[in-house]
K.L.:
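Structure below; questions to follow.
Basis for what follows: all heavy atoms, side chains included, without hydrogens, waters or symmetry-related copies. When a ligand or atom number is given, it counts from 1 through the structure's own listing order.
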Amino acid sequence: MKALLCKTLGLPDTLVYDDAPDPVPGPGQVLIEMKAAGVNFPDVLMIQGKYQFKPTLPFVPGAELAGVVLALGEGVKNVKVGDRVIASCQHGAFAEQVVAQATQLIPLPKGVSFEVGAAFTLAYGTSYHAIKGRAGLKPGETMLVLGAAGGVGLSAIQIGKALGARVIAAASTPEKLAICRDNGADETINYSTEDLRERVKELTNGRGPDVIYDPVGGQYAEPAFRSIAWGGRYLVIGFANGQIPSLPLNLPLLKGASIVGVFWGQFVARELPNFIKDLTELFGLVAQGKLRPHISARYALPEGAQALNDLLNRKVTGKVIITNGDPAELAQATSAAKAAPGPQSSPTSEIPLTGATAVQPADLATQVGQDIGVSSWFTVDQQRINDFAKTTEDHQWIHVDLERAARESPFGGTVAHGFLTLSLLPASSYEILRERVRVSQILNYGLNKVRFVSPVRAGKRVRNHVRILSIEDKGMGRQLLTTENTFEIEGESKPALVAHALAMLIA
Ligand SMILES: NC(=O)c1ccc[n+]([C@@H]2O[C@H](COP(=O)([O-])OP(=O)(O)OC[C@H]3O[C@@H](n4cnc5c(N)ncnc54)[C@H](OP(=O)(O)O)[C@@H]3O)[C@@H](O)[C@H]2O)c1
């Protein structure tokens, strides 16, 4: 296959378009035909040996792509050949074929093109995690975005607006600032020609922004931080400027402000379920038209080095992508018929979703208020309670301490609240839903209300009666299902609990 190879560390011009060995997927891996790959600042750092992660030479750069699954490694069950997917892969994406971990795949949602799929995850994933997860931006607050016309910068503007904030965009040229306004910025600052601190003060009536999103670093960090509002949150995203700034620590003290580090790659590695939740919400915002990746340039694979050069030379706005194949096909949204039928993201989706009586998710609307099934019996044995307590570190004595429970518990044995709600409830709901509804994935979205009626003592058997309460179309083939779950205890008239559970059904 052909690939863009980094044979010696250096600037983008040192990259070579050449033959490379055909990659072979190992156990748990998948081979993908790259259709479009997103270009990101870390690619430029990695080929110079300046990134946290330093692959052995020669290597193929590129950390995100969208394409079609060509082959499966041993043990991969959550995806099949022909599926259209988005993949993340530290490096390797700027090639005709790419090997990725099956667990890193995301189905390309309906209505999303290969090029948007390739340009979305890293920039929007980073900004959403930073702005919503780390800074907790609230509607009505003000956010200042530096490097606002860049890849993560434009995504931050759009996300800030989608979350109801006022957004001030700062960039280096009038053309870049015009693009920021097109993408929703309320106010703009040209930090090459204007005094950043004075302008921020002016635009916020001296109060300062509540959140500052900084992917640039260098000389802008200190004046930006000095302008922050009381209780503000300063998001450290990156150092595109090349200089890691330092700040006098009296500044956060004086402002009661926080300096908040953001490392999206580690967030994905350490908090996969939260990342999947973010992504589902992000694609929901795409469906509502609130997020619209701005792709400013496309480069065919042989010309890929130029894409990295333009990024490095501050010539690009929004996202640029490297393509492989017919550009018209890449820009087309996936049709319903061709949409990926759902690789992993929830561990549950590894089990095939079938069932002779299964209906389309939207058809569940006709069953609101009805019981749709009862799970099999589950024995709540002490070993399961102990394993659950160990995994979740939920060591409430009444759950796990046999001796003390025998002595002091009014129930004469250990009980299992957490195990029921956090483990058995999703598992037993899934058992029913996967039979009743035709979807590629069912994501557990947590509980709305739980009423514990009767304790379940270790050794008892329980089963889950599921009734549909509501179903809400969230766009892009996603439906939010709310069910009422009643846990029957074998031989007892009172149930263990009644809970309202949320599940995202993905077509
Ligand atoms: N923390 C994380 O998890 C995470 C995730 C993704 C990206 N990042 C980091 O975020 C930063 C931006 O990434 P990106 O993909 O958005 O890059 P990008 O598209 O190139 O945007 C960077 C922006 O920084 C500004 N800039 C200022 N000085 C620059 C310089 N000397 N060279 C290049 N740009 C300069 C440019 O805007 P003006 O010309 O308007 O100043 C440019 O638009 C990078 O440092 C990247 O490593 C961090």
K.L.:
Could you list which atoms of ligand 1 come closer than 4.0 Å to a heavy atom of Ser172?
P.N.:
38 (P), 39 (O), 40 (O), 41 (O)
K.L.:
Are Tyr234 and Tyr213 close enough that their ring centres sit under 6.0 Å apart?
P.N.:
no
K.L.:
Is ligand 1 under 4.0 Å from a heavy atom in the side chain of Asn313, in the backbone, in both, or in neither?
P.N.:
neither
K.L.:
Short N/O distance, under 3.5 Å, between Gly153 and ligand 1?
P.N.:
no
K.L.:
Would you please indicate yes or no on a ring centroid separation below 6.0 angstrom for Phe120 and Tyr124?
P.N.:
yes
K.L.:
With a 4.0 Å cut-off on N to O distance, would you call Lys161 and Asp186 a salt bridge?
P.N.:
yes
K.L.:
Which atoms of ligand 1 sit under 4.0 Å from any heavy atom of Gly238?
P.N.:
9 (C), 45 (O)
K.L.:
Where is the nearest protein heavy atom to atom 6 (C) of ligand 1: which residue, which atom, and how far?
P.N.:
Leu122 CD2, 3.4 Å
K.L.:
Give the residue, atom name and distance (to 0.1 Å) of the protein heavy atom nearest atom 14 (P) of ligand 1.
P.N.:
Phe41 CB, 3.9 Å
K.L.:
Please could you name the atoms of ligand 1 that Phe263 approaches to less than 4.0 Å, counting only its heavy atoms?
P.N.:
3 (O)
K.L.:
Go through ligand 1 atom by atom and flag the ones less than 4.0 Å from a non-hydrogen atom of Trp264.
P.N.:
2 (C), 3 (O)
K.L.:
Less than 4.0 Å between a side-chain N and a carboxylate O, is that true for Arg478 and Asp473?
P.N.:
no
K.L.:
Report the C-alpha separation of Ile168 and Thr188 in whole Å, then their side-chain angles, then the decisive distance to 0.1 Å, and conclude whether the side chain to side chain contact (heavy atoms under 4.5 Å, CB included) test is met.
P.N.:
CA-CA 5 Å; Ile168 302 172; Thr188 54; over 6 Å; no
K.L.:
For ligand 1, which atoms sit closer than 4.0 Å to a heavy atom of Gly151?
P.N.:
16 (O), 18 (P), 19 (O), 21 (O)
K.L.:
Check whether Thr142 reaches the backbone of Pro209 with its side chain - one donor and one acceptor, N or O, closer than 3.5 Å.
P.N.:
no
K.L.:
Answer yes or no: does an N/O atom from Gly147 fall short of 3.5 Å to an N/O atom of ligand 1?
P.N.:
no
K.L.:
Closer than 4.0 angstrom, basic N to acidic O: yes or no for Arg84 and Glu33?
P.N.:
no
K.L.:
If you measure every N/O of Lys176 against every N/O of ligand 1, is any gap under 3.5 Å?
P.N.:
yes
K.L.:
Just to be sure I'm reading this right: ignoring hydrogens, which of Val262, Val152, Val39 gets closest to atom 7 (C) of ligand 1? Compare them by their nearest heavy atoms.
P.N.:
Val152
K.L.:
Considering only NZ, NE, NH1 and NH2 on the basic side and carboxylate oxygens on the acidic side, decide whether Arg197 and Glu222 come within less than 4.0 Å.
P.N.:
no
K.L.:
Indicate yes or no: does an N/O atom of Thr126 lie under 3.5 Å from an N/O atom of ligand 1?
P.N.:
no
K.L.:
Does Lys2 come within less than 4.0 Å of Asp19, counting only side-chain N to carboxylate O?
P.N.:
yes
K.L.:
May I ask you to check if ligand 1 and Gly265 share an N or O to N or O distance below 3.5 Å?
P.N.:
no
K.L.:
Which atoms of ligand 1 sit under 4.0 Å from any heavy atom of Phe239?
P.N.:
45 (O)
K.L.:
Return the residue, atom name and 0.1 Å-rounded distance of the protein heavy atom closest to atom 11 (C) of ligand 1.
P.N.:
Pro215 O, 3.3 Å
K.L.:
For atom 24 (O) of ligand 1, which candidate among Ala240, Gly150, Gly242 holds the nearest heavy atom?
P.N.:
Ala240
K.L.:
Nearest to atom 26 (N) of ligand 1 by heavy atom, Lys319, Arg314, Lys315: which?
P.N.:
Arg314
K.L.:
In plain terms, say whether Glu187 and Arg166 are close enough for a salt bridge, that is, a side-chain N and a carboxylate O under 4.0 Å apart.
P.N.:
yes
K.L.:
Who's the nearest protein heavy-atom neighbour of atom 9 (C) of ligand 1, and how far?
P.N.:
Ile237 O, 3.8 Å
K.L.:
Considering both backbone and side-chain atoms of Tyr191, is one of its nitrogen or oxygen atoms within less than 3.5 Å of a nitrogen or oxygen in ligand 1?
P.N.:
yes
K.L.:
Would you check if the side chain of Lys176 reaches a backbone N or O of Arg314 as a donor-acceptor pair within less than 3.5 Å?
P.N.:
yes
K.L.:
Quick check on contacts: which atoms of ligand 1 are under 4.0 angstrom from a heavy atom of Ala171?
P.N.:
40 (O)
K.L.:
Does Lys390 pair with Asp387 as a salt bridge, N-O distance under 4.0 Å?
P.N.:
no
K.L.:
So does Glu271 pair up with Lys277, basic N to acidic O under 4.0 Å?
P.N.:
no
K.L.:
What are the atoms of ligand 1, with element, lying closer than 4.0 Å to any heavy atom of Pro42?
P.N.:
46 (C), 47 (O)
K.L.:
Counting only nitrogen or oxygen atoms and a 3.5 angstrom limit, does Val316 reach ligand 1?
P.N.:
no
